[in-house]
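Heads up: the structure comes next, in structure tokens.
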Amino acid sequence: MGTVFDAAKKEETTSALSIEKPKVVFVLGGPGSGKGTQCANIVEHFGYTHLSAGDLLRAEIKSGSENGTMIQNMISEGKIVPSEVTIKLLEKAIVEIDNDKFLIDGFPRNEENRAAFELVTGIVPEFVLFFDCSEEEMERRLLSRNQGRVDDNIDTIRKRFKVFVESSLAVIEYYNSKGKVKKIDAAKPVGEVFEAVKAIFAPVSDKVAA
Ligand code: UDP
Ligand code: MG
């Protein structure tokens with residue numbers, strides 16, 4: 001049985017992504033830290049394409065894919081969907097969309113996600129935007145946002161916090177050790193957070209902020 005790593009080695013020369021690699025910024029932070037909201041602002045001002053791993057997985061459920069039930073069960077429990085599934089969806093979006101810079105929001109969620117993505121795609125992120133926020137504030141936001149998500153209930157929220165601390169923080173620590181993490185105080189109001197975000201993107205973007 002081949003692992004995702006074996007498959008990646010074989011694919012290395014044929015992957016569409018091996019020809020021209022886009023710039024990728026990972027946008028990470030706990031559930032409710034404001035990743036999606038700020039990504040929309042970044043897209044508007046800096047010309048990135050926003051890929052939310054969670055949104056791609058939810059679209060996959062809706063499409064009636066054979067993995068749909070499995071994904072739905074994982075999301076309802078706040079668990080991390082197997083890397084192969086999420087990476088395929090991300091890779092497909094990157095190849096299909098005609099842009100050379102992407103924000104990947106909510107992925108990688110654990111060290112295995114991270115290592116598999118780097119190996120399969122050959123892409124290393126330019127940097128990692130980390131939205132730092134207290135659980136108390138994130139919980140307040142998730143319970144009041146009402147987007148009809150199966151996982152925005154108190155039981156699943158607590159599970160998502162646990163997974164974030166136990167699995168996802170390690171990814172931030174890994175990139176921090178490489179000097180790639182840009183940390184933002186995400187507990188502030190949306191406008192103030194975006195001011196801090198702008199300061200990070202403005203110098204590295206070739207599109208002038210409006
Ligand atoms: N998810 C996953 N892998 C990913 C992204 C999301 O397994 O790369 C699942 C996971 O169950 C997570 C849920 O999708 O709890 C919702 O993720 P999303 O990023 O949409 O929301 P967040 O928890 O960051 O607010
Ligand atoms: Mg989100």
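Order of appearance sets the numbers: ligands from 1, and atoms from 1 within every ligand. These numbers come from the heavy atoms of this one structure, side chains and all, not from hydrogens, waters or symmetry mates.
Each of the atoms 25 (O) of ligand 1 lies under 4.0 Å from some heavy atom of Gly32. Ligand-side atoms of ligand 1 in range of Thr86: 8 (O), range being under 4.0 angstrom from any heavy atom. Less than 4.0 angstrom separates some heavy atom of Gly106 from each of these atoms of ligand 1: 4 (C), 5 (C), 8 (O).
Between Lys88 and Glu91, no side-chain nitrogen of the basic residue sits less than 4.0 Å from a carboxylate oxygen of the acidic one, so the salt-bridge criterion is not met. Looking at Lys79 and Asp151, no side-chain N of the basic residue comes within less than 4.0 Å of a carboxylate O on the acidic one, giving no salt bridge.
Residue-to-ligand polar distances keep Ser52 apart from ligand 1: every N/O pair is separated by 3.5 Å or more. For ligand 1, the polar-atom distance check finds no N/O of Leu57 at less than 3.5 Å from any of the ligand's N/O atoms. Of the polar atoms of Asp55, none of the N or O atoms is found under 3.5 Å from an N or O of ligand 1, judged by distance alone. Taking distance alone, with nitrogen or oxygen atoms compared against 3.5 Å, Arg160 approaches ligand 1 more closely than that limit.
Between the choices Arg109, Glu77, Lys35, the shortest heavy-atom distance to atom 19 (O) of ligand 1 belongs to Arg109. Ranked by closest heavy atom to atom 10 (C) of ligand 1, the top entry among Met74, Lys79, Gln72 is Lys79.
Heavy-atom separations between Arg149 and ligand 1 include at least one value shorter than 4.0 Å.
The closest protein non-hydrogen atom to atom 7 (O) of ligand 1 is Val81 N, 2.7 Å. Taking atom 8 (O) of ligand 1 as the reference point, the nearest protein heavy-atom neighbour is Phe107 CD1, 3.3 Å. Shortest contact from atom 9 (C) of ligand 1 to any protein heavy atom: Ile75 CG1, 3.8 Å.
In this structure, Lys35 contributes its side chain and Gly30 its backbone to a donor-acceptor pair below 3.5 Å. A donor-acceptor pair under 3.5 Å is formed between the side chain of Lys101 and the backbone N or O of Phe46. At distances below 3.5 Å, not a single donor-acceptor pair connects side-chain atoms of Arg114 with backbone N or O atoms of Pro108. Proximity of a side-chain donor or acceptor of Asn176 to a complementary backbone N or O of Ile172 within less than 3.5 Å is not detected. For the pair Ser76 (side chain) and Gln72 (backbone), a donor-acceptor distance under 3.5 Å is present.
For the ring-ring contact (aromatic ring centres under 6.0 Å, His included) with Phe26, the qualifying choice from Phe127, Phe130, Tyr48, Phe117 is Phe117, the only one to do so. A side chain to side chain contact (heavy atoms under 4.5 Å, CB included) with Leu28 is found for one member of Val181, Leu129, Val171 and no other, namely Val171.
Contacts between Asp151 and ligand 1 below 4.0 angstrom, taking non-hydrogen atoms only, involve the side chain exclusively.
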